[in-house]
Amino acid sequence: QVQLVESGGGLVQPGGSLRLSCAASGSIFSIYAMGWYRQAPGKQRELVASITSSASTNYADSVKGRFTISRDNTKKTVYLQMNSLKPEDTAVYYCNAQIGTMIQVRAQPYWGQGTQVTVSS
């Protein structure tokens, strides 16, 4: 069984910062790509940022220059540093990881439970 547990969401004023964390646990053989998605009310879930096992990153145009994704492989954790937050960043943020387990070595997608980020004055 694999679990992804997110933390770090909350309420912040426009222009503020938050740091999200997502830790993986369980019978993990290997973690491949990791990423953050978000879903605002009435909208589809969208990719915010992703990072490969070799630390290559990819960002949505809307967050480039403001958000930074990173990972600590020893802690099986991915982070999302969010700066200069805007009201339109308000959404539930979900962690995603492609993980191979002891039973199924081939990468399978796993999701966290989501953490609310609200940007408002």
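In this text the structure is predicted, and so the values were computed from the model without any measurement.
Looking only at side-chain heavy atoms (C-beta outward), Tyr110 and Thr101 come within less than 4.5 Å of each other. In this structure, Thr90 and Leu85 have side chains that are not in contact, with every pair of non-hydrogen atoms separated by 4.5 Å or more. Contact check for Ile31 versus Arg71: side-chain heavy atoms found under the 4.5 Å cut-off.
In this model, a donor atom of one side chain and an acceptor atom of the other lie less than 3.5 Å apart for Thr118 and Gln116. Inspection of the Thr77 and Asp72 side chains reveals no N or O donor paired with an N or O acceptor under 3.5 Å.
Remark: Cys22 SG to Tyr93 OH distance equals 15.0 Å, nearest 0.5 Å. Between atom CZ of residue Arg106 and atom CD of residue Gln98 there is a gap of 12.5 Å, rounded to the nearest 0.5 Å. The distance from atom OG of Ser53 to atom CG of Asn73, rounded to the nearest 0.5 Å, is 7.5 Å. Once rounded to the nearest 0.5 Å, the distance linking CG of Leu80 with OG of Ser70 reads 8.5 Å. Distance check, rounded to the nearest 0.5 Å: CD1 of Ile51 to OG of Ser56 gives 8.0 Å.
In this structure, Met34 is a member of the same hydrophobic cluster as Val63, with clusters built from ILVMFWY side-chain heavy atoms closer than 4.5 Å. Under a hydrophobic clustering in which Ile, Leu, Val, Met, Phe, Trp and Tyr are joined whenever their side-chain heavy atoms come within less than 4.5 Å, directly or via other members, Val105 and Met102 fall into the same cluster. At a threshold of 4.5 Å between side-chain heavy atoms, the hydrophobic network of Ile, Leu, Val, Met, Phe, Trp and Tyr places Val92 and Tyr37 in one connected group. Hydrophobic clustering of Ile, Leu, Val, Met, Phe, Trp and Tyr side chains at less than 4.5 Å, counting indirect connections, keeps Val2 apart from Phe29. Cluster membership for Ile69 and Leu18, using ILVMFWY side-chain heavy atoms within less than 4.5 angstrom, is shared.
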inquiry  = Evaluate Ser120 against Leu11 for side chain to side chain contact (heavy atoms under 4.5 Å, CB included), listing each step before the verdict.
reply    = CA-CA 7 Å; Ser120 175; Leu11 173 64; 4.2 Å; yes

inquiry  = Set out, in order, the CA-CA distance, both residues' side-chain angles and the distance that settles side chain to side chain contact (heavy atoms under 4.5 Å, CB included) for Tyr79 and Thr68, then state yes or no.
reply    = CA-CA 8 Å; Tyr79 305 96; Thr68 302; over 6 Å; no

query = Do Val117 and Met82 pass the side chain to side chain contact (heavy atoms under 4.5 Å, CB included) test, and can you show the C-alpha distance, the side-chain angles, and the key distance before you say yes or no?
reply = CA-CA 10 Å; Val117 171; Met82 304 185 292; 3.9 Å; yes

task = Check the pair Leu4, Val78 against side chain to side chain contact (heavy atoms under 4.5 Å, CB included), reporting the backbone distance first and the verdict last.
result = CA-CA 10 Å; Leu4 297 179; Val78 62; over 6 Å; no

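In this structure, Phe67 has its ring center at least 6.0 angstrom away from the ring center of Trp36.
Between the side chain of Ser21 and the backbone N or O of Ser7, no donor-acceptor pair lies under 3.5 Å. Remark: the backbone N or O of Gly114 is paired with a side-chain donor or acceptor of Glu6 at under 3.5 angstrom. For the pair Gln39 (side chain) and Lys43 (backbone), a donor-acceptor distance under 3.5 Å is present. For the pair Glu46 (side chain) and Arg38 (backbone), a donor-acceptor distance under 3.5 Å is absent.
Residue Pro14 comes nearest to Ser121 through the heavy atom pair CD-N, 3.7 Å, listed as atom of the first residue, atom of the second, then distance. Of all the heavy atoms in Gly9 and Leu20, the pair that sits closest is N-CD2, 3.6 Å. Here the closest non-hydrogen pair linking Leu47 and Ala49 is CD1-O, 3.6 Å. Ala107 and Tyr32 get closest at one heavy-atom pair: CB-CD1, 3.4 Å. Listed here is the closest heavy atom pair of Ser17 and Asn83: OG-OD1, 2.9 Å.
Relative to the six-membered ring of Tyr94, Arg45 meets both conditions, a distance below 6.0 Å and an angle of at most 45° to the axis.
Enclosure of atom CD in Gln104 by more than 12 non-hydrogen atoms of other residues, nucleotides or ligands within 6.0 angstrom is indicated. Summarising the local packing, CD of Gln1 is surrounded by 12 or fewer heavy atoms from other residues, nucleotides or ligands at distances under 6.0 Å.
In this structure, Lys64 pairs ionically with Asp61, as a charged nitrogen and a carboxylate oxygen lie closer than 4.0 Å.
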